[in-house]
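Some notes on the structure that comes next.
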Amino acid sequence: MANEQDLMEKIVSLAKRRGFIYPSSEIYGGINGFWDYGPLGVELKRNIKDAWWHDIVRCPAAGPDGRPIQMVGLDCSIIMNPKVWEASGHLSGFSDPMVDCKKCKARFRADQVWIVHWGDQAKFDEWLASAFGNPTTLPEGYRARMAQKLGLAGYTAEMQEKVREILRLGRYQRGNQPPTYAKTVLASAREEAKTLAQLSNRERKIVANAIIVDSEPLSTYGEPPEDSQCPNCHEMATFTKPRQFNLMFRTTVGALEDPSALAYLRPETAQGIFVNYKNVLDTTRIKTPFGIAQIGKAFRNEINPRNFTFRSREFEQMEIEFFCHPGQADPWYEYWRDARFKWYVDHGLKSSKLRLRNHEKDELAHYARACADVEYEFPFGISELEGVANRTDFDLTQHQKFSGRDMTYFDDETKERFIPYVIEPSGGVDRATLAFLCEAYDEDEAPDEKGAMQKRTVLRFHPRLAPVKVAIFPLVRKDGMPEKAQAIYQACAKHLAAFYDEKGAVGRRYRRQDEAGTPFCVTVDGETNQNGTVTVRDRDTMQQVRIPGASVLAYVRERLHI
Ligand code: ATP
């Protein structure tokens, strides 16, 4: 299996080489935080969205009361009346603290300037002390989160000391460079210290996580020191005081560009659901408890997009707002939290790499009653895939207040009127795609044309998510083989994602499909002309069986359960 440290690099490179994910507008040097999905990537992403939509909206499971859950879908506009963002709190609260270098005018997140300042031993030791749970100047919630992310619980003092030492070396080695990618730091720490080489994989992972985590927002940690060195011009700069930078992208609507025309690209899909909740109630026969689901683009002007597509500026969300009686909110919260975790496991993420992290009380937003993150162990660290929260009646109450419209629900059976509580499972399509890609990536060995074992890269996608389900090849481009293979391809393509390829050695064609994650390859050969049978090769076992060419579609469907 690939070494942990370059695993991410291999995945990024495979994603580009095989047409899963490209940097956006690459011919112009790209644009930070934006990505394009290529021919295989778009299929993978669509399969994830289709699986989610099917399981949530079209064919929901039974709820805690044993009855099928009532769910409907929506597709709302990206630009909404700006009052929506006033009511939701995004206009005033959705921000990170920023500072500007007064010399070169470059802009940084305040905590990044702090980090640069940590060339100072005393400051760095102070941070380490807080990060590792000693008396601290950091707020409680942040410290708890960091300890969780580092996975340090249960570690011996000796191990903690070792991690501290490596971090310290990494930090000094990095010097005044901005904290970009942990890999660089790890590599240089290894060079310098030689200590890293002696760490186990698990220990190395902790260090990698620690380095990532230490560049997370420390927005509550206070102001950056004014005498720090600028990461851009490297001058000893005087920074402006931190100012809140709103993460919403702004635009104007219509010909006028004055403040009255100001609008925002939505930073989440949820608000479209809240503002349509009454429309859905009035135009359908739905009753509480029920859910509204939406998949769509969201935009956040992230200060520090990183880790491939994990933190992008344009991304897709798949969100559910589930409306229920306040008295039923706790069991529904638990239901959705567990169901969403299970969904990822059912689609191939190993449960040992997934975890459900319940938020501590002091981490909860003021309106939330409970919240949990589904987290996945990416090669760059453990990070959030989806959040599930009990948002109480906060959002509907806000919209009632700001719009003046009645957001109450009347239950004709109990004659009770109330504002429903909302349970919100909110996931990222791009983060799910990245997690499935990372999980699927594997390396093993396969024989080449001469029977010599060669390294093979294979994506072991869950069949439901695999971009291509079956590839069909003629062994050679003569003797009627292409025509027969084309006929099988046509028969399959009507029902599932199929691919036809007749170029190059068949072994190489298999290898290309392994890299695309195609579960089955079908080859038409000399024997097909005699008895109508073809070979079917299994991606994972590489075993080949002969079956009648006419049964290919049924064979694939039966094995993939599609
Ligand atoms: P984070 O703490 O990682 O910034 P968040 O808690 O702000 O995420 P939410 O506002 O809860 O995220 O958004 C719900 C989901 O949307 C997240 O779980 C994630 O999957 C996805 N998401 C949020 N921000 C981004 C982003 N910048 N790039 C890709 N996906 C994102």
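Residues take their numbers from the sequence shown, with the count starting at 1. For ligands, and for the atoms within them, numbers begin at 1 and follow the listed sequence. Keep in mind that this is a model prediction, so the values were computed, not measured.
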Quiz item: Should the proximity of Leu385 to ligand 1, defined as any heavy atom under 4.0 Å, be assigned to the side chain, the backbone, both, or neither?
Solution: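 The answer is the backbone of Leu385.
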Exercise. May I ask you to identify, for Arg313, whether its side chain, its backbone, both or neither come under 4.0 Å of ligand 1 on a heavy-atom basis?
Key: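 The answer is neither.
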For [atom], closest protein heavy-atom neighbour:
atom: atom 28 (N) of ligand 1; result: Ser312 N, 3.0 Å
atom: atom 29 (C) of ligand 1; result: Phe310 O, 3.1 Å
atom: atom 14 (C) of ligand 1; result: Ser426 OG, 2.9 Å
atom: atom 4 (O) of ligand 1; result: Arg311 NH1, 2.8 Å
atom: atom 22 (N) of ligand 1; result: Phe315 CE1, 3.5 Å

Practice problem: List the steps, then state whether side chain to side chain contact (heavy atoms under 4.5 Å, CB included) holds for Gln400 with Thr408. | Solution: CA-CA 9 Å; Gln400 178 164 283; Thr408 56; 4.2 Å; yes
Quiz item: Mind checking whether Gly428 has an N or O less than 3.5 Å away from an N or O of ligand 1?
Solution: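 Yes - when backbone and side-chain N and O of Gly428 are compared with those of ligand 1, one distance drops under 3.5 Å.
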Exercise. Using distance alone, decide if ligand 1 has a nitrogen or oxygen within less than 3.5 Å of any nitrogen or oxygen in Glu302.
Key: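 Indeed, backbone or side chain, Glu302 has an N or O that close.
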Quiz item: Is it the case that Gln398 and Tyr367 place a side-chain donor and acceptor less than 3.5 Å from each other?
Solution: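 No, Tyr367 and Gln398 have no side-chain donor paired with an acceptor closer than 3.5 Å.
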On a heavy-atom basis, I'd like to know which of [options] is closest to [atom].
atom: atom 11 (O) of ligand 1; options: Met318, Glu384, Glu424; value: Glu384
atom: atom 9 (P) of ligand 1; options: Glu268, Arg431, Arg300; value: Arg300
atom: atom 13 (O) of ligand 1; options: Glu386, Gln317, Glu375; value: Gln317

Exercise. Say whether Asp430 and ligand 1 are in contact under the criterion: heavy-atom distance to a ligand atom below 4.0 Å.
Key: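 It does not; every heavy atom stays at 4.0 Å or beyond.
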Practice problem: Evaluate the ring planes of Phe274 and His399, with Trp represented by its six-membered ring, and classify them as parallel (under 30°), tilted (30 to 60°) or perpendicular (over 60°). | Solution: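 Answer is tilted, since the angle falls between 30° and 60°.
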Practice problem: On the 0 to 90° scale, with breaks at 30° and 60°, tag the Phe378-Tyr376 ring pair as parallel, tilted or perpendicular. | Solution: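 Aromatic pair Phe378/Tyr376 classed perpendicular.
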Quiz item: So, does Asp430 use its side chain to make a donor-acceptor pair with the main chain of Glu316 at under 3.5 Å?
Solution: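 Checking the backbone N and O of Glu316 against the side chain of Asp430, a donor-acceptor pair under 3.5 Å is found.
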Exercise. Check whether any side-chain N or O of Lys469 sits under 3.5 Å from a backbone N or O of Arg464 as a donor-acceptor pair, and report yes or no.
Key: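 Answer holds: yes.
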Would you say the rings of [Y] and [X] are close, in the sense that their centroids are separated by under 6.0 Å?
X: Phe323; Y: Tyr409; result: no
X: Phe322; Y: Tyr335; result: no
X: His462; Y: Phe436; result: no

